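Single-structure report; data block below.
Heads up: numbering here begins at 1 and tracks the sequence. Indexing begins at 1, ligand by ligand and atom by atom, following the structure's order. Remember, it's a predicted structure, so these values are computed and weren't measured experimentally.
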Amino acid sequence: MRQPLVAGNWKMHGSRAENAALVRSLLDQLQPGPGTEVLLCPPFVYLSDVARLLTDSAVALGGQSVCDEPQGAFTGEVSAAMLKDVGCSYVLVGHSERRQLYGEGDALVARKFVAVQSQGLVPVLCVGETLEEREAGHTTEVVARQLDAVLAVSGAAALASAVIAYEPVWAIGTGRTASPEQAQDVHAMIRDKVAALDATIGGSVRILYGGSVKASNARELFAMPDIDGGLVGGASLKADEFAQICAAAD
Ligand code: PEP
């Protein structure tokens with residue numbers, strides 16, 4: 001049995017006051033059913049604030065990105081050890097906005113994955129194809145390539161303490177969601193690929209769907225056999241909507 005996980009990626013949104021209101025309202029509304037784990041990924045500068053707000057709650061904290069190096073002269077970067085120090089237990093790596101807007105390639109994403117695990121944190125490895133790639137029939141090839149880059153460096157065993165998020169780029173922030181069947185097809189492919197290397201890990205690794213998840217579509221997405229929760233951007237900024245999405249994962 002895989003424990004569902006719903007992660008909120010706040011991206012570059014919020015202020016101290018807005019975050020406090022959002023977290024308080026969310027904690028009031030969350031009905032963590034018997035199983036769903038909830039994760040919040042605020043901007044770096046608010047991590048400590050949000051960690052304090054989450055004290056005594058079961059909600060986990062995560063970074064939106066990380067440096068692949070452990071420390072040193074890397075101006076503007078944040079290490080995995082720093083994220084751990086301020087209370088993170090998860091870190092997103094390879095989000096499509098990092099890949100597309102900041103030129104993060106597969107090799108760098110793989111190094112970030114390693115850096116996160118070296119601190120005992122759990123990487124949420126984001127993979128997904130662009131619209132062009134999907135329309136050209138390259139979805140499987142692109143997602144497999146993104147996974148292979150990490151597998152080549154870390155090996156399949158590393159996925160025992162990682163989460164994978166399938167996020168079709170064309171569905172992120174666009175309001176256009178993959179259908180449950182489209183998402184399930186890719187999730188099944190990912191799980192089969194991991195299972196071919198290690199059947200136990202293939203069966204246990206959590207694979208989240210991300211891309212315009214909302215309260216209105218979460219239930220049917222999460223009902224698919226290989227979808228173990230969601231990575232939620234825009235809708236995680238609204239406490240009531242995000243709480244409903246979390247409830248849909250139970
Ligand atoms: C995301 O930020 O990873 C995401 C999926 O965004 P949205 O839910 O807004 O599409």
Side-chain angles (χ1 to χ4, degrees), residues 4-14 18-19 22 26 36-44 46-47 50 59-66 83 88 90-102 104 109 112-113 116 122-131 133-134 139 142-143 146-147 150 162-180 182-184 186-187 190 206-222 224 226-249:
L5 170 65
V6 176
N9 173 16
W10 292 358
K11 311 194 191 202
M12 197 170 73
H13 292 293
E18 285 166 355
N19 298 342
L22 175 59
L26 185 61
T36 298
E37 189 179 0
V38 178
L39 164 66
L40 297 181
C41 301
F44 287 147
Y46 298 126
L47 281 166
V50 175
V59 176
L61 187 69
Q64 295 178 12
S65 184
V66 67
L83 294 176
C88 290
Y90 288 86
V91 185
L92 308 183
V93 297
H95 190 281
S96 68
E97 287 153 18
R98 301 298 316 171
R99 292 181 190 263
Q100 293 211 308
L101 304 176
Y102 298 96
E104 294 189 5
V109 172
K112 290 184 175 211
F113 183 100
V116 170
V122 178
V124 179
L125 171 65
C126 303
V127 296
E129 81 288 1
T130 62
L131 185 58
E133 290 163 339
R134 171 162 283 263
T139 299
V142 169
V143 171
Q146 292 169 336
L147 285 171
V150 170
V163 173
I164 298 170
Y166 169 57
E167 298 209 300
V169 179
W170 47 273
I172 298 178
T174 58
R176 185 175 166 188
T177 317
S179 69
Q182 282 175 319
Q184 167 60 24
V186 181
H187 281 234
I190 294 171
R206 291 183 291 180
I207 309 175
L208 312 183
Y209 168 76
S212 298
V213 175
K214 306 186 247 325
S216 57
N217 60 24
R219 203 167 287 280
E220 52 175 5
L221 284 161
F222 300 164
M224 301 311 279
D226 290 300
I227 300 184
D228 305 312
L231 177 52
V232 183
S236 71
L237 298 169
K238 299 172 216 146
D240 50 350
E241 175 116 19
F242 190 62
Q244 287 176 50
I245 294 170
C246 295

Practice prompt. I would like to know whether Trp10 and Gln64 meet side-chain hydrogen bond (donor to acceptor under 3.5 Å, both in side chains); could you show each step before the answer?
Written response: CA-CA 8 Å; Trp10 292 358; Gln64 295 178 12; over 6 Å; no

With heavy-atom distances below 4.0 Å as the criterion, list the atoms of ligand 1 near [X].
| X | answer |
| --- | --- |
| His95 | 1 (C), 2 (O), 3 (O) |
| Ser212 | 7 (P), 8 (O), 10 (O) |
| Asn9 | 1 (C), 2 (O), 3 (O) |
| Leu231 | 3 (O), 5 (C) |
| Gly234 | 7 (P), 8 (O), 9 (O) |
| Ala171 | 10 (O) |
| Gly211 | 5 (C), 10 (O) |

Atom 5 (C) of ligand 1 has as its nearest protein heavy atom Glu167 OE2, 3.0 Å

of all protein heavy atoms, closest to atom 2 (O) of ligand 1 is Lys11 CE, 2.7 Å

Value rounded to 0.5 Å, distance of [atom1] in [X] from [atom2] in [Y]:
| X | Y | atom1 | atom2 | answer |
| --- | --- | --- | --- | --- |
| Leu208 | Leu125 | CG | CG | 11.0 Å |
| Glu37 | Asp228 | CD | CG | 12.0 Å |
| Tyr46 | Glu18 | OH | CD | 8.0 Å |

- Query: Please walk me through it: do Tyr166 and Glu129 pass side-chain hydrogen bond (donor to acceptor under 3.5 Å, both in side chains)?
  - Reply: CA-CA 9 Å; Tyr166 169 57; Glu129 81 288 1; 2.9 Å; yes

* Consider ligand 1: state whether an atom of it lies below 4.0 angstrom from any non-hydrogen atom of Gly173. => yes

Q. Quick one: does Gly230 get a heavy atom under 4.0 Å from ligand 1?
A. no

Could you tell me whether [X] approaches ligand 1 through its side chain, its backbone, both or neither, with non-hydrogen atoms closer than 4.0 Å?
| X | result |
| --- | --- |
| Ile172 | both |
| Glu97 | neither |
| Ala165 | neither |

Requested in this report: Could you please spell out the steps behind the salt bridge (Lys or Arg N to Asp or Glu O under 4.0 Å) verdict for Arg98 and Glu104?
Outcome: CA-CA 6 Å; Arg98 301 298 316 171; Glu104 294 189 5; 3.0 Å; yes

In short, Ala218 meets Val213 closest at the heavy-atom pair CB-CG1, 4.0 Å

Self-check item: Candidate pair Glu97 and Lys11, rule salt bridge (Lys or Arg N to Asp or Glu O under 4.0 Å), full reasoning
Solution: CA-CA 9 Å; Glu97 287 153 18; Lys11 311 194 191 202; 2.7 Å; yes

Between Val116 and the options Val66, Val124, Leu83, Leu92, the side-chain contact (heavy atoms from CB on, under 4.5 Å) test singles out Val66

Check your understanding: What orientation do His187 and Tyr209 show, parallel under 30°, tilted 30 to 60°, or perpendicular over 60°?
Key -> tilted

> Is the shortest N/O to N/O distance between Gly233 and ligand 1 below 3.5 Å?
Replying inline: yes

